[in-house]
Amino acid sequence: MTSSTQTILEHTQIPRHIAVIMDGNGRWAKKRFLPRVMGHKRGLNALENMVKRCAGLGVRYLTVFAFSTENWRRPEEEVSFLMGLFLQALQKQVQRLHENNMRLKVIGDRSRFGADIVQGIEAAEALTAANSGLTLTIAADYGGRWDILQAANKLVQAGATEITEAALAQHLMLAGAPEPDLFIRTGGETRISNFMLWQLAYTEFYFTDTLWPDFGDEQVDAAIASFQTRERRFGRTSEQLPLEQQRS
Ligand code: IPE
Ligand code: IPE
Ligand code: MG
């Protein structure tokens, strides 16, 4: 394996916001004849590593899909293991985020979580709220459609009779953060699985067969390198872009 730390990335082209579907934990474990939950455990290590790598590269926002609204359909033991892991991470790893000046946010419907998790989330968000480094957002019991609906419902409750794009965007869970520049899905599936439907409108997509627990520095760098080859036209023609943004 080549040393990824030698990869030099042009700072101006580092995505400000990366969104990740961390998929493939179960298959990673299965390949090793381990229980699926061991894959989730290793997946948490991969996340810790990616946070560090992204912060080092100057990424401002990292948003990761940890548990979808649909994931409640999994076997009960797996769901409760994931909840336990989440609680443990909130209790143990948040301190390290804080020491590194990072902010933690959790987006999703909190109503089905246990009181200990809700408390852990609130404490972690409060502890890190004033930090100015990378913002790590964990999407847990999150769904893209749920997010759009809860925003629309807030507007309705506030008496809106007409909903504008700007007003809706202000009530989405990630209001205030720039939309993701780069979307990564590991584990080989090429679908969004109800992740950030609204905000991914113009995001660059990167799909890889690498299973999430195997996604290390080298893979992070490869995803960013791929992003850097893209020409983001936002509807324009290539010729309309400033010369330095044109790719031939
Ligand atoms: C993603 O890995 C983690 C969660 C959904 C919590 P999976 O558990 O979906 O792993 P695969 O897709 O079964 O390999
Ligand atoms: C998407 O992965 C959600 C998370 C990674 C948390 P899934 O493994 O649940 O997605 P599907 O079911 O394959 O679409
Ligand atoms: Mg999966």
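Atoms within each ligand, like the ligands themselves, are counted from 1 in listed order. Side chains included, hydrogens not; waters and symmetry mates left out as well; all remaining heavy atoms used. Quick note: residue numbers are just sequence positions, from 1. Keep in mind that this is a model prediction, so the values were computed, not measured.
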Would a 4.5 Å heavy-atom cut-off, applied to side chains only, mark [X] and [Y] as touching?
{"X": "Met50", "Y": "Val20", "answer": "yes"}
{"X": "Glu122", "Y": "Val118", "answer": "yes"}
{"X": "Asp181", "Y": "Arg232", "answer": "yes"}
{"X": "Asn71", "Y": "Glu78", "answer": "no"}
{"X": "Phe67", "Y": "Tyr142", "answer": "no"}

Subject >> Residue from Asn131, Thr135, Thr128 passing side chain to side chain donor-acceptor pair (under 3.5 Å) with Arg103 >> reply: Thr135
**OP:** Answer yes or no: does atom CZ of Arg145 have more than 12 heavy-atom neighbours from other residues, nucleotides or ligands under 6.0 Å?
**Re:** no
**OP:** Count the heavy atoms of every other residue, nucleotide or ligand shown that sit under 6.0 Å from NZ of Lys154, and state whether that count exceeds 12.
**Re:**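 It does: Lys154 NZ has more than 12 such atoms within range.
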Closest approach of any protein heavy atom to [atom], naming residue and atom:
{"atom": "atom 14 (O) of ligand 2", "value": "Ser193 OG, 2.6 Å"}
{"atom": "atom 10 (O) of ligand 1", "value": "Gly26 N, 2.9 Å"}
{"atom": "atom 1 (C) of ligand 1", "value": "Met22 O, 3.0 Å"}

Using a 4.0 Å cut-off to any heavy atom of [X], which atoms of ligand 2 qualify?
{"X": "Arg191", "answer": "11 (P), 13 (O), 14 (O)"}
{"X": "Arg74", "answer": "7 (P), 8 (O), 9 (O)"}
{"X": "Ile21", "answer": "1 (C), 5 (C)"}

Looking only at heavy atoms of [X], does any of them come nearer than 4.0 Å to an atom of ligand 1?
{"X": "His40", "value": "yes"}
{"X": "Gly24", "value": "yes"}
{"X": "Glu189", "value": "no"}

Subject >> In one Ile/Leu/Val/Met/Phe/Trp/Tyr side-chain cluster, 4.5 Å: Met22, Leu174 >> reply: no
Original post:
Quick one: do Phe113 and Ile138 end up in the same hydrophobic cluster if we chain Ile, Leu, Val, Met, Phe, Trp and Tyr together by side-chain heavy atoms under 4.5 Å apart?
Top reply: yes
**OP:** Give a yes/no on ligand 2: does Arg185 have at least one heavy atom closer than 4.0 angstrom to it?
**Re:** yes
Original post:
Looking at ligand 2, does Arg27 have a heavy atom less than 4.0 Å from it?
Top reply: no
Subject >> For Asp23, atoms of ligand 1 separated by under 4.0 Å from a heavy atom >> reply: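 The atoms of ligand 1 under 4.0 Å from a heavy atom of Asp23 are 1 (C), 2 (O), 7 (P), 9 (O), 10 (O), 11 (P), 12 (O).
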**OP:** Check ligand 1 against Ala66 and write out every atom of the ligand that is under 4.0 Å from a heavy-atom position of the residue.
**Re:** 6 (C)
Original post:
Is the Lys NZ or Arg CZ of Arg74 less than 6.0 Å from the centre of Trp72's six-membered ring, within 45° of the axis?
Top reply: no
**OP:** Output yes when the distance from some N or O of ligand 1 to some N or O of Asn71 is under 3.5 Å, and no in every other case.
**Re:** no
**OP:** Report yes if Arg36 has an N/O atom closer than 3.5 Å to an N/O atom of ligand 1; otherwise report no.
**Re:**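 Such a contact does occur with ligand 1.
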**OP:** With the Mg ion (ligand 3) as the reference point, give the N/O/S atom of Asp23 that is nearest.
**Re:**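 Of all N, O or S atoms in Asp23, the Mg ion (ligand 3) lies closest to OD1.
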Subject >> Residue portion contacting ligand 2 (non-hydrogen atoms closer than 4.0 Å) for Phe67 >> reply: backbone
Subject >> Protein contact for atom 12 (O) of ligand 2 (heavy atom, distance under 4.0 Å) >> reply: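 Under the 4.0 Å cut-off, atom 12 (O) of ligand 2 has no protein heavy-atom neighbours at all.
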